[in-house]
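Encoded as structure tokens, the structure appears first; notes follow it.
Keep in mind it's a predicted model, so treat the numbers as computed, not measured.
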Amino acid sequence: MGHHHEHGHEHDQAELSPAVDLSLPDEALSPTDLSRRSMLRRTGLLGAVLAGATVLSGAPSAAASPKGGFRWLSGDHHVHTQYSNDGKYRVADQVRHADTYGLDWLVITDHGNATHARIGVEKVNPDIVDARSRYPSTLVFQGLEWNIPAAEHGTVFVHPGQNEVALLRQFETSFDGGVRNATASTPANEALAIAGIDFLADVVRRRTVRDALMLANHPARKGIDSPHEIRNWRDAQPHIAVGMEGAPGHQAAGIAAPTGMGRARGLYDGSPGPQSFPGYPLESYRTFGGFDWMTATVGGLWDSLLAEGKPWWITANSDSHHVYTDTATVGPGSNYEADGKQADPVYRGSVDLGEGDFWPGYYSRTHVGASDFSYAAVMNGIRAGRVWVDHGQLIDGIDVRLRTTGRWGQSWATLGGVLHAKRGTQVELVVTIDLAAQPNWAQFVPQLARVDVIQGDVTGPAADRDTFVAPRTRVVKSFDTTAASGTVSLKYSLGRLDRPVYVRLRGTDGNRTAPGLRGAEVDPAGPAMDVLGNADPWRDLWFYTNPIWALPT
């Protein structure tokens, strides 16, 4: 009988195998490791391995939950407070609500600007330190929302430590597009963005801070995050620039007036401007089932990145500034420019129906597979792509494994990972979903109607770095789950592995669907474009997972 191997995934950079440790030159490798490194380079998958997205031998942590050997920690990396020029809430308000609504981790990301760099980044820190003490069940990171030079916004955050404030202030002062008057889409400003990402990599390398990450926020909202810029961020430092919001915040903004803001989910109701990438179609400025066009389009921009065999992960966040139906308003006498913060909020005397945000954890959740409950484990899990996202608590949990089958045993990879298997080996996708068992915060139990398997070929680095099409990606299987209850188990056979491929999953409540933008033969029932001014987010729920690659050896 063959041996049975199940491979875990939680490995720090120091534990990488020699083949993927680029601190070792080729000539220092054994013939076996040199062969493996060469193979990974040829297929374009070395970047995925370097980002921690690989299947390496080792048992899952005994302390972890049984779902793939990891604890799945829910969080939000895009949250504002009174230290933003357009914010309102105290740090404690956001953390208390995040804790109440079930989040395990949270990143405070007040807007980058000259005042924040001068005062706010330091003044917010004691509030964050206090929240860490008062809410020990929630990991509270300090970060900021970076005005990416020549592009949109991004989350930048660091592992807590004695240098977190000084590091973030130095980064913001030196590399924020608003502070540096570097917002125009010029080559010089694009280079400044890369310099900022390189700076973060350097301070981690020099151990000034233990870790740092960058993720692009609401990437298609204004059309100014061009495909080549995203590729450049990712390729410059794949351990730092790791992904983007697959679904933006401001999800309540689509609720129709007079009981809602009457705008668009995510506030995606704009049009091309002078700095926008001219190749983007008009539909890219809208959301689809609450998700960004880059993510929602099967065979679109996100898939074009994944088809290169390089990591680029998605998240979902609240972007919480002013919460729908809240009763607070900015305190009287606020002077942000002088104080670096808004005055503490006060009771407004009525319910506010004119805002578009939810509290962290109330609607959008980013679930990270972590080895333990710690800041480092959350950051490692994000970097490795062990992430799935959902809206409205559509499902309670999901375990996804791509595995080999046959008489010689079994190996597997989970989200963000790479399954290495001999060419011709039978490979199958095995999925276990815990359906929603109790009402969500809108007080109904969501019903999962369908799960889609999306598969694409890995074709290597794109010849055109501004491409946003993956012609070999499509929905290959749909499972009807309308009659299911409790736990759902699904299997899909990929057949014999004869070329590099990846798979990812998507699920829906089935309330609003339409053929995908690349045609019904690619995506017969994808998310429909959200209607401006009339898009109730609770009646159109989706979940998405990050991909798993399979690589023949």
Side-chain angles (χ1 to χ4, degrees), residues 10-15 23 51-52 71 73 75-81 83-84 90-92 94-95 98-99 103-112 116-146 154-176 195-215 237-243 315 340-341 360 366 368 370-384:
E10 180 64 27
H11 293 263
D12 292 333
Q13 186 175 357
E15 297 176 303
S23 67
R71 295 180 60 176
L73 305 179
D76 186 326
H77 71 69
H78 190 176
V79 177
H80 294 268
T81 74
Y83 293 92
S84 285
R90 295 164 296 192
V91 171
Q94 295 287 28
V95 177
D99 184 70
L103 294 191
D104 303 292
W105 58 273
L106 191 73
V107 186
I108 301 300
T109 55
D110 290 306
H111 286 290
H116 184 261
R118 179 173 54 88
I119 310 174
V121 69
E122 183 172 3
K123 290 184 75 170
V124 70
N125 184 258
D127 292 356
I128 291 174
V129 172
D130 180 65
R132 290 169 181 162
S133 175
R134 292 172 60 187
Y135 300 96
S137 60
T138 303
L139 302 167
V140 186
F141 293 88
Q142 181 166 354
L144 58 87
E145 186 161 25
W146 182 28
T155 286
V156 169
F157 68 108
V158 299
H159 189 288
Q162 62 180 358
N163 295 323
E164 61 186 326
V165 173
L167 181 281
L168 289 169
R169 183 195 296 113
Q170 184 180 357
F171 173 83
E172 187 175 4
T173 300
S174 302
F175 303 107
D176 186 85
I197 294 169
D198 287 341
F199 169 84
L200 294 173
D202 186 58
V203 294
V204 173
R205 192 160 41 243
R206 290 189 287 107
R207 303 184 184 275
T208 304
V209 291
R210 180 171 175 178
D211 206 353
L213 288 174
M214 175 267 180
L215 300 110
Q237 300 291 344
H239 268 81
I240 302 296
V242 297
T315 60
K341 63 181 288 190
T366 294
V368 177
S371 60
D372 55 57
F373 183 77
S374 68
Y375 290 95
V378 169
M379 299 185 83
N380 286 339
I382 293 172
R383 174 176 290 109

Which atom of Leu73 lies closest to which atom of Asp372, heavy atoms considered:
CD1-O, 3.8 Å
Less than 4.0 Å between a side-chain N and a carboxylate O, is that true for Arg71 and Asp104?
no
Report the distance from atom CZ of Arg132 to atom CD of Gln142, rounding to the nearest 0.5 Å.
7.0 Å
Donor on one side chain, acceptor on other, Asn163 and Thr208, under 3.5 Å
no
Partner of His116 by side-chain hydrogen bond (donor to acceptor under 3.5 Å, both in side chains), out of His111, Glu172, Lys123
Glu172
Got Ile197 and Trp146 here, is their nearest side-chain heavy-atom distance under 4.5 Å?
yes
Does Gln94 use its side chain to pair, donor to acceptor, with the backbone of His80 at less than 3.5 Å?
yes
Does the side chain of Glu122 reach to within under 4.5 Å of the side chain of Val165, using non-hydrogen atoms?
yes
Those residues at least two apart in sequence (or on a different chain) that pass ring pair (Phe, Tyr, Trp, His ring centres under 6.0 Å) with Phe157 are Phe141
Would you check if Ile240 and Leu213 make a side-chain contact, meaning some heavy-atom pair closer than 4.5 Å?
no
Indicate whether any N or O donor in one side chain lies under 3.5 Å from an N or O acceptor in the other, for His77 and Thr315.
yes
I'd like to know if the side chain of Trp105 and the backbone of Met379 have a donor-acceptor N/O pair within less than 3.5 Å.
no
Is the backbone N or O of Asp202 less than 3.5 Å from a side-chain atom of Gln237, with the two atoms forming a donor-acceptor pair by type?
no
Does atom CZ of Arg207 have more than 12 heavy-atom neighbours, drawn from other residues, nucleotides or ligands, at distances under 6.0 Å?
no
Heavy-atom side-chain proximity of Val95 to Val79 below 4.5 angstrom:
no
Nearest-0.5 Å distance that lies between atom CG in Leu168 and atom CG in Asn125:
9.0 Å
Distance check, rounded to the nearest 0.5 Å: Phe373 atom CZ versus Thr138 atom OG1?
6.5 Å
Out of curiosity, Leu144 CG to Ile108 CD1, how far, rounded to the nearest 0.5 Å?
12.0 Å
Got Val242 and Leu215 here, is their nearest side-chain heavy-atom distance under 4.5 Å?
yes
